[in-house]
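Beneath this line is the structure, given in structure tokens, with notes to follow.
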Amino acid sequence: MTTPRMSISPRQVSRRDALRLAGGAGFAAALAGHQLTAAQDATPVTIPDSGASLPTGDVTFRALVQGTGPRTPFYEAFFPAYQAARPNITVQVEELPEDQIQQVLPIGIQNGNAHDLFMLGGALSTAEAVSAGWVAPLDDVIPDFERWKSRFPPGVFLEGITVFDGKTYTFPLSSNQRYSTLLFFNQQLIEQAGIDLVAQPLSWEQFRNAARTLTGQGQGQYYGLVIGADGGGRFAEIATNLAVTAGAAAGTTISGPMDWRTGEYVFTSDQMLAAIDLIVALHADGSVLPGGLSMTQRQAVARMPAGQAAMSLDGPWVIARWAEEAPDFQFGLGSQPIQPGGTFAPIGYEPGGANPHFIYAESQLKEVAGDIFAYWGSPEGQAAFQSIVGGTLRAILPE
């Protein structure tokens, strides 16, 4: 088995703290100043007999997954265990960043030799992949499919999201009930500035002032805030979440802020324009680490433990990454900035879940993918997943 770039260490936050993060409330206090040194005992991966009609001869099964990131420890635990349980199936796993998947996957599809199991990595939306004939439905390859499907919560399998013309083409490995714009900060730099980012959420103006103060304190060595443009998506996501908590009638989608009551995008609401103005002002102040427009989100995340930025607005997946790349990094965590004086609204989430995986339409080993998905979408598989990733991604099935 080949597993390039899959080397995340087992050091993660405790399970209790991680689950509090997944739930949102109270997690800032739990992780403020936390140093990633606690060992995490992962639930063993035990592969059951799913009843799938698997090949009896020697075969090679190829998987293309997005990373490296918080899913990596699960992949590292699962795929070797799967190969050990199915010794005639050689598993080759390629884990690539999103931008590289966007290049590799279409070429593989065009040449007819795409991976048997893959993540889209933003190459196409699920609807586009189904329409283009890239992916196969799961209905006929996951054993006892209807029973397997019935365990998922409402909102996962919806027409136009994961289901098309009555066929199910994907499922989420994890839930998307999470905040993607939590305020992470370098504990040491914040203490030097005498700023409290945990006691209560900062207002937008206080956040701007804090970024300006930290940038001044850095004297060119570090900046108050880092944002990786990641194709522009992070700017849109940050602006939308700021606008939503300020009362904008919108939800965050991969395409931008949408009013889910009407299905219309609301890029020009007062709250959205004000949030965009805040981001522009942060840049005008010189408080944002330069180079963000050409910086991926992964590169931006690495700037925090490197001491080049004091704050970032990001999701819980950064915790696992820092555990691998900078285990001694001491960080704090608080709420994203909240605009005072408006009508506060919580951040919603899209139906369908997160981290969907697909089966290549031309794969000759669809039953192997179905066997894998049968475990991933089972209570046992989800319990192992949640334990191994330490709560930095929330399971789609309840424990």
Side-chain angles (χ1 to χ4, degrees), residues 11 13 28 31-37 68-69 97 179-235 237-239 241-242 275-338 392:
R11 285 187 291 194
V13 298
L31 280 188
H34 189 88
Q35 186 170 336
L36 295 175
T37 56
T68 55
Y179 288 100
S180 60
T181 49
L182 294 162
L183 179 59
F184 288 90
F185 54 87
N186 183 310
Q187 184 74 21
Q188 181 180 1
L189 300 182
I190 296 301
E191 289 178 354
Q192 290 176 5
I195 301 173
D196 189 345
L197 301 180
V198 176
Q200 61 184 17
L202 300 182
S203 68
W204 291 9
E205 189 61 29
Q206 288 171 330
F207 177 59
R208 181 182 176 183
N209 289 337
R212 187 187 294 118
T213 297
L214 290 161
T215 300
Q217 176 179 278
Q219 298 183 352
Q221 299 302 307
Y222 59 84
Y223 292 77
L225 182 68
V226 60
I227 303 175
D230 201 15
R234 283 301 295 162
F235 286 113
E237 190 168 23
I238 290 171
N241 284 359
L242 290 170
I276 293 171
D277 285 343
L278 173 62
I279 296 174
V280 171
L282 288 163
H283 279 271
D285 292 341
S287 298
V288 181
L289 180 69
L293 290 175
S294 59
M295 193 185 303
T296 66
Q297 188 178 3
R298 179 177 177 81
Q299 290 169 333
V301 167
R303 298 302 196 271
M304 287 279 288
Q308 298 177 24
M311 300 184 295
S312 69
L313 293 169
D314 224 310
W317 46 81
V318 303
I319 297 172
R321 187 167 298 165
W322 288 337
E324 175 197 10
E325 298 175 354
D328 295 327
F329 176 48
Q330 294 186 352
F331 66 89
L333 174 59
S335 166
Q336 73 165 52
I338 304 297
T392 56

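What you see is a predicted model, and the numbers here were worked out from it, not measured in a lab.
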Taking it one step at a time, do Val301 and Glu325 satisfy side-chain contact (heavy atoms from CB on, under 4.5 Å)?
CA-CA 10 Å; Val301 167; Glu325 298 175 354; 5.7 Å; no

Could you tell me which residues satisfy side-chain hydrogen bond (donor to acceptor under 3.5 Å, both in side chains) with Asp314, sequence neighbours excluded, listed by chain and number?
Gln297, Trp317

For Ile276, check side-chain contact (heavy atoms from CB on, under 4.5 Å) against everything at least two apart and list the hits.
Ala239, Met272, Val280

State the CD-CG distance between Gln330 and Asn186, to the nearest 0.5 angstrom.
9.0 Å

Closest heavy-atom pair and its distance - Arg208, Ala281
CZ-CB, 3.6 Å

Distance check, rounded to the nearest 0.5 Å: Leu197 atom CG versus Leu214 atom CG?
7.5 Å

Nearest heavy-atom pair of Ile227 and Ala300: which atoms, and what distance?
C-CB, 4.2 Å

Can you list every pair that meets ring-ring contact (aromatic ring centres under 6.0 Å, His included) and has a residue in residues 280-306, with sequence neighbours left out?
Phe235-His283

Which pair of non-hydrogen atoms, one from Gly286 and one from Tyr223, has the smallest distance, and what is that distance?
O-CD2, 3.4 Å

Check for a donor-acceptor pair, side chain of Glu237 on one end and backbone N or O of Ser180 on the other, with a separation under 3.5 Å.
no

In short, ring-ring contact (aromatic ring centres under 6.0 Å, His included) pairs touching residues 198-217 with sequence neighbours left out are none

Shortest non-hydrogen pair, Trp322 vs Met304, comes out as CZ2-CB, 3.8 Å

Within this structure, what is the OG1-CG distance for the pair Thr213 and Asn209, rounded to the nearest 0.5 Å?
6.5 Å

Out of curiosity, Gln308 CD to Leu289 CG, how far, rounded to the nearest 0.5 Å?
6.0 Å

Close side-chain approach of Leu333 to Leu183, heavy-atom, < 4.5 Å
no

According to salt bridge (charged side-chain N to carboxylate O under 4.0 Å, His left out), does anything in residues 210-219 pair up with another residue at least two apart or in another chain? List the pairs.
Arg212-Asp285

Test Arg303 against Tyr222 for side-chain contact (heavy atoms from CB on, under 4.5 Å), laying out the working first.
CA-CA 9 Å; Arg303 298 302 196 271; Tyr222 59 84; over 6 Å; no

Could you give all pairs that pass the side chain to side chain donor-acceptor pair (under 3.5 Å) test and reach residues 188-198, with sequence neighbours left out?
Gln187-Glu191

Taking all atoms of both residues into account, what is the closest heavy-atom pair of Leu225 and Ala309, and its distance?
C-CB, 4.2 Å

Within the side chain of Ser287, is there an N or O that forms a donor-acceptor pair under 3.5 Å with the backbone of Thr215?
no

Any idea which heavy atoms bring Pro337 and Leu242 closest together, and the distance?
O-CD2, 3.7 Å

Pick from Leu189, Ile195, Ile190: which one makes a side chain to side chain contact (heavy atoms under 4.5 Å, CB included) with Met311?
Ile190

